[in-house]
Amino acid sequence: MGRYRITRRLRATPEQVFRAFTDPALIVDWMDASALRDATGPLDTPGTRYTLVIYGPWRFRSEVVRVEAPNLHEVAGRGRLGASYRMVATIAQRDGETSLDLLTEYTVPFGPLGRWIDRRWIDREPRAIANREVDRLVALVSDSSIVPVPRGASRAPTR
């Protein structure tokens, strides 16, 4: 299992940061996804399930596990071939800013081969993709003029 933590300080309220984990348009944008589908309820309610569609065949059936608005949001999901994730966002007001601590744990498909690939290539990188996604989250909640866009959809092949 891989695990990483990303932290940021934002010039936004805890409520604005929390919204980035509960507003489908914001989630799709900052997570660089193509869509969020089939939600069974609001994303600030434990037990709500939804499908997060990432570019290509990657779809994660996700569930909101724990919520303490506006300070905590936990979600977990499963994808194809045994891939899974758990993401816990801890949000706190500190010194006039908001602190975001984002813990992500994941498993990759293909058992021992997948773990070897993760150790060899995925886990060794400086989390460039995850950092870029969290930087986008910061931009979205800090600048009200930015309109959320499903960026992952832009990578889909055209027919």
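Bear in mind the structure is a predicted one, so any value in this text is a computation, not a measurement.
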> Step by step, work out the side chain to side chain contact (heavy atoms under 4.5 Å, CB included) result for Leu43 and Ile27.
CA-CA 10 Å; Leu43 302 182; Ile27 293 168; 3.5 Å; yes
> Could you report the tightest heavy-atom contact between Tyr50 and Arg61, atom names first, then the distance?
C-NH1, 3.0 Å
> Check the surroundings of atom CZ in Arg78: do more than 12 heavy atoms from other residues, nucleotides or ligands lie under 6.0 Å from it?
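Incorrect, the count does not exceed 12.
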> Measuring only between side-chain heavy atoms, which start at C-beta, is Val53 closer than 4.5 Å to Thr51?
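Side chain of Val53 against side chain of Thr51, heavy atoms only: contact under 4.5 Å found.
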> For the atom pair CG (Leu72) and CZ (Phe21), what is the distance rounded to the nearest 0.5 Å?
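It is 10.0 Å, given to the nearest 0.5 Å.
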> Ile146 and Val138: same hydrophobic cluster, using ILVMFWY side-chain contacts below 4.5 Å?
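Same cluster: Ile146 reaches Val138 through Ile, Leu, Val, Met, Phe, Trp or Tyr contacts under 4.5 Å.
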> Which pairs pass ring-ring contact (aromatic ring centres under 6.0 Å, His included) with one or both residues in residues 63-101, sequence neighbours excluded?
Phe18-His73, Phe60-Tyr85
> Do Tyr106 and Met31 land in one hydrophobic cluster if side-chain heavy atoms of ILVMFWY residues count as linked below 4.5 Å?
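Same hydrophobic cluster.
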> Show every donor-acceptor pair shorter than 3.5 Å between a side-chain atom in residues 64-71 and any protein atom, with sequence neighbours excluded, or say none if there are none.
unit_1: Arg66; atom_1: NE; unit_2: Glu74; atom_2: OE1; d: 2.9
unit_1: Arg66; atom_1: NH2; unit_2: Glu74; atom_2: OE1; d: 2.9
unit_1: Asn71; atom_1: ND2; unit_2: Ile91; atom_2: O; d: 2.9

> Would you check if the side chain of Trp30 reaches a backbone N or O of Val134 as a donor-acceptor pair within less than 3.5 Å?
no
> Any idea which heavy atoms bring Pro148 and Ala25 closest together, and the distance?
CB-O, 3.6 Å
> Decide yes or no for Arg3 and Thr104: does some side-chain heavy atom of the first lie under 4.5 Å from some side-chain heavy atom of the second?
no
> Near Arg19 CZ, under 6.0 Å, is it more than 12 heavy atoms from other residues, nucleotides or ligands?
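No, not enclosed.
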> Kindly state each residue pair satisfying side chain to side chain donor-acceptor pair (under 3.5 Å) with at least one member in residues 91-103, sequence neighbours excluded.
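Listed by first then second residue: Arg5-Asp101, Arg9-Glu97, Arg94-Ser99.
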> Mind checking side chain to side chain donor-acceptor pair (under 3.5 Å) for Arg49 and listing every partner two or more places apart, or none if nothing turns up?
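For Arg49 the side chain to side chain donor-acceptor pair (under 3.5 Å) partners, ignoring immediate neighbours, are Glu63.
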> Tell me which pairs pass side chain to side chain donor-acceptor pair (under 3.5 Å) where either residue lies in residues 138-147, with sequence neighbours left out.
Asp143-Ser145
> Hey, what do you get for CG (Asp32) to CD1 (Ile54), rounding to the nearest 0.5 Å?
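Nearest 0.5 Å value for the CG-CD1 distance: 7.5 Å.
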> Out of Val75, Thr48, Leu36, which residue meets the side-chain contact (heavy atoms from CB on, under 4.5 Å) rule with Ser62?
Val75
> Flag the pair Val17 / Pro14 as yes when at least one side-chain heavy-atom distance between them is below 4.5 Å, and no otherwise.
no
> Could you tell me which residues satisfy side chain to side chain donor-acceptor pair (under 3.5 Å) with Arg8, sequence neighbours excluded, listed by chain and number?
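With sequence neighbours excluded, Arg8 shows a side chain to side chain donor-acceptor pair (under 3.5 Å) to Asn131, Asp135, given in chain and number order.
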> Counting C-beta onward and ignoring hydrogens, is there a side-chain heavy-atom pair between Arg59 and Leu52 closer than 4.5 Å?
no
> OG1/Thr90 to CG/Leu103 distance, rounded to the nearest 0.5 angstrom?
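Here the rounded value is 8.0 Å.
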> Looking at CD1 of Ile6 and CG of Leu100, how far apart are the two atoms once the value is rounded to the nearest 0.5 Å?
9.0 Å
> CG of Asp23 to CG of Asp29: how many Å apart, nearest 0.5 Å?
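These two atoms lie 10.0 Å from each other.
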